[in-house]
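Structure record follows, encoded as structure tokens.
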Amino acid sequence: MVFAIIYYTLVLLFACLTYASVEGKIPVVPRLQHFVVFGLSLISEWPLPVIVLKIILINIASMLGVFRGIIPQLFYIVDLLNMIGLVVIFIDADEARRAIEQAIQSYSDQRELPTFSSETFWQRMVIPHFVPQNVFQYADICYVNHSEATEAKKDGFEQVNYLTLDIYARKDISRSTPKPVFMYIHGGEWIRGDKASPYPLIRHLAEVGWVVVSINYRLASTAFYPAQLIDAKRALRWVKQNIEHFGGDPKFIAVAGDDAGGQIAAVLALTPNKPEYQPGFENVDTSVKACVLINAITDLVDDEQNLWGSDYFSKKIAGRQTKDITFLKEHSPLHLIKDDSVPFLVFHGDRDTSVPFRSSSIFVEEFKKKCKAEIQFISIPGGHHVYNLFSSPRSHYQAIGVEQWLNHIHSEEGNGDYAWVSKENDFSD
């Protein structure tokens, strides 16, 4: 009886998530919204493991005699229909491959992206936390100086643990020939998240020869914004001063982020050398060469362009007494675009229910009007808010797209063609 109730509950839960995943519409559940968004992305990115789980549950239910009677059999039929829907979701992921191939065709190295017949495709699907064997991780490196660490401890001794970064680099990397650097800032609404999140993008770029840095920053639950932006610039300072020791080139650094991390990354890229965000290191160069955004928050002013609202950000994230429009504009990437801004690559899932798809479209349109630099916008078919967190076809197609675009920008900077690893090893098959 207990297992039957568990089975019926899971049938209804997965059926609702599958339907919402396809439709791209979910009810707003304030206290559980984070879990609902995560569940939608899990269904859309890992449909095959969910199908395997369902088959196991069906077999157990059958052995326990759960399907005796008309109502249990109706649940069984719903479960079968749900699995058909999950297969459709899995096949739908191939749309992302075609979208990215089309977007990068003018500057790609003509490498075919993995398909259903590719060994690499299934390797990433079967091993959700896939880590390339040729990549080494240097973990938990503190990026602040003693005085900054002492100041952070005033908000709690554990705050120093957030002021760290991880570095991913190929084991065979040569320090005599510095490689371009990719710095990633995790998302999480400014209040959660961690640099150790298993983003496939991070591991892929390290695998193909980039030196990748993933940073933590103090969360807004204990350190109000713009502490997060200042921490990101401190991390960038450390990278510029030390990355050569890990084989990286401090002269070419691209920054990236998703969700709130995308907002931080974009503001960092759009406000180089701004002294108010560099307390104690005002003379350090904090410019970057490019910026990559994934489902990023680009407008803090317009309440229609983000789930949390300008009032929430002002009071809960920035710790202000009232909504401050001037402050919000100063930290909205949409309002910081200038004619000399760096190139941007923007991804957005077309089923994102947390950060509206249109917000990225508006940012790209405004960028094209105001800036002479290159900007590329790639819509990810079927992508929900945290699709990029899972080791799935969409996230790996995206990773290859980012690699190709960054190689293109690196070449445009006069550094020559950087697809050195890609040409030596075919990672698409």
Side-chain angles (χ1 to χ4, degrees), residues 1-27 29 32-96 114-131 196-200 203 349 351-354 380-397:
M1 183 63 179
V2 174
F3 183 82
I5 294 174
I6 294 174
Y7 174 73
Y8 298 151
T9 303
L10 289 176
V11 168
L12 293 175
L13 174 63
F14 281 119
C16 291
L17 285 174
T18 301
Y19 176 78
S21 178
V22 172
E23 289 296 313
K25 298 178 181 179
I26 60 172
V29 187
L32 301 175
Q33 199 67 20
H34 174 70
F35 299 101
V36 173
V37 170
F38 185 85
L40 279 181
S41 295
L42 185 148
I43 289 291
S44 65
E45 303 309 309
W46 282 356
L48 294 188
V50 174
I51 289 174
V52 172
L53 173 63
K54 281 184 164 296
I55 291 173
I56 293 172
L57 291 175
I58 286 174
N59 281 305
I60 295 174
S62 179
M63 287 187 293
L64 295 177
V66 171
F67 299 124
R68 294 169 186 166
I70 295 176
I71 293 179
Q73 289 179 10
L74 288 176
F75 272 91
Y76 176 64
I77 292 172
V78 170
D79 217 6
L80 292 178
L81 292 174
N82 190 6
M83 284 193 281
I84 293 174
L86 290 169
V87 171
V88 172
I89 289 174
F90 175 68
I91 296 174
D92 187 48
D94 195 55
E95 290 293 324
T115 62
F116 295 145
S117 61
S118 166
E119 178 184 342
T120 298
F121 178 94
W122 291 105
Q123 183 183 47
R124 266 62 168 180
M125 285 296 296
V126 174
I127 310 174
H129 195 71
F130 176 78
V131 178
S197 297
Y199 294 104
R203 288 156 177 78
R351 293 178 187 164
D352 189 346
T353 56
S354 296
I380 301 296
H384 287 273
H385 187 57
V386 291
Y387 73 87
N388 58 304
L389 182 62
F390 296 86
S391 186
S392 68
R394 284 187 188 86
S395 62
H396 287 288
Y397 294 147

Exercise for review: Could you pull out the closest heavy-atom pair between P200 and N388, with the gap in Å?
Suggested key: CD-O, 3.2 Å
Review point. According to the salt bridge (Lys or Arg N to Asp or Glu O under 4.0 Å) rule, which pairs have a member within residues 51-72, sequence neighbours left out?
Key: K54-D79
Review point. Could you state the interatomic distance from CG (L80) to CE (M83), rounded to the nearest 0.5 Å?
Key: 4.5 Å
Study note, to complete from the structure: Separation between OG (S41) and CZ (R394), nearest 0.5 Å, reads 9.5 Å
**Study point:** Approximate separation, where rounding is to 0.5 Å, of Y7 OH and L12 CG
**Key:** 10.0 Å
Point to revise | Pairwise distance OG1(T9) to CZ(F14) - rounded to 0.5 angstrom | key: 11.5 Å
**Study point:** Minimum heavy-atom distance between V66 and P72, given as atom pair plus value
**Key:** O-CB, 3.1 Å
**Study point:** Stepwise ring pair (Phe, Tyr, Trp, His ring centres under 6.0 Å) test for Y199 and F390
**Key:** CA-CA 7 Å; Y199 294 104; F390 296 86; over 10 Å; no
Point to revise | Value rounded to 0.5 Å, distance of CD1 in I58 from CD1 in I51 | key: 10.5 Å
Practice item. Let me see the working for L42 and V386 under side chain to side chain contact (heavy atoms under 4.5 Å, CB included), right down to the final yes or no. Key: CA-CA 9 Å; L42 185 148; V386 291; over 6 Å; no
Check your understanding: So, R351 and D92, do they make that salt bridge, N to O below 4.0 Å?
Key -> yes
Check your understanding: After noting the C-alpha distance and the side-chain angles of F67 and S62, does the key distance pass the side chain to side chain contact (heavy atoms under 4.5 Å, CB included) rule?
Key -> CA-CA 6 Å; F67 299 124; S62 179; 4.1 Å; yes
Review point. Is it the case that more than 12 heavy atoms not belonging to Y8 sit under 6.0 Å from its OH atom?
Key: yes
Point to revise | Closest non-hydrogen atom pair between A96 and I380, with its separation | key: CB-CG2, 4.3 Å
**Study point:** Gap separating the OG1 atom of T353 from the NE2 atom of H385, nearest 0.5 angstrom
**Key:** 8.0 Å
Review point. Stepwise, does the side chain to side chain donor-acceptor pair (under 3.5 Å) test hold for H396 with S391?
Key: CA-CA 7 Å; H396 287 288; S391 186; 3.0 Å; yes
Review point. How far apart are the closest heavy atoms of R203 and A196, and which atoms are they?
Key: NH2-O, 4.4 Å
Exercise for review: For N82 and T18, run side chain to side chain donor-acceptor pair (under 3.5 Å): C-alpha distance rounded to whole Å, both residues' side-chain angles, the deciding distance at 0.1 Å, then the answer.
Suggested key: CA-CA 7 Å; N82 190 6; T18 301; 2.7 Å; yes
Exercise for review: Return the minimal non-hydrogen interatomic distance between Y387 and S395, and the atom names on each side.
Suggested key: O-CB, 4.0 Å
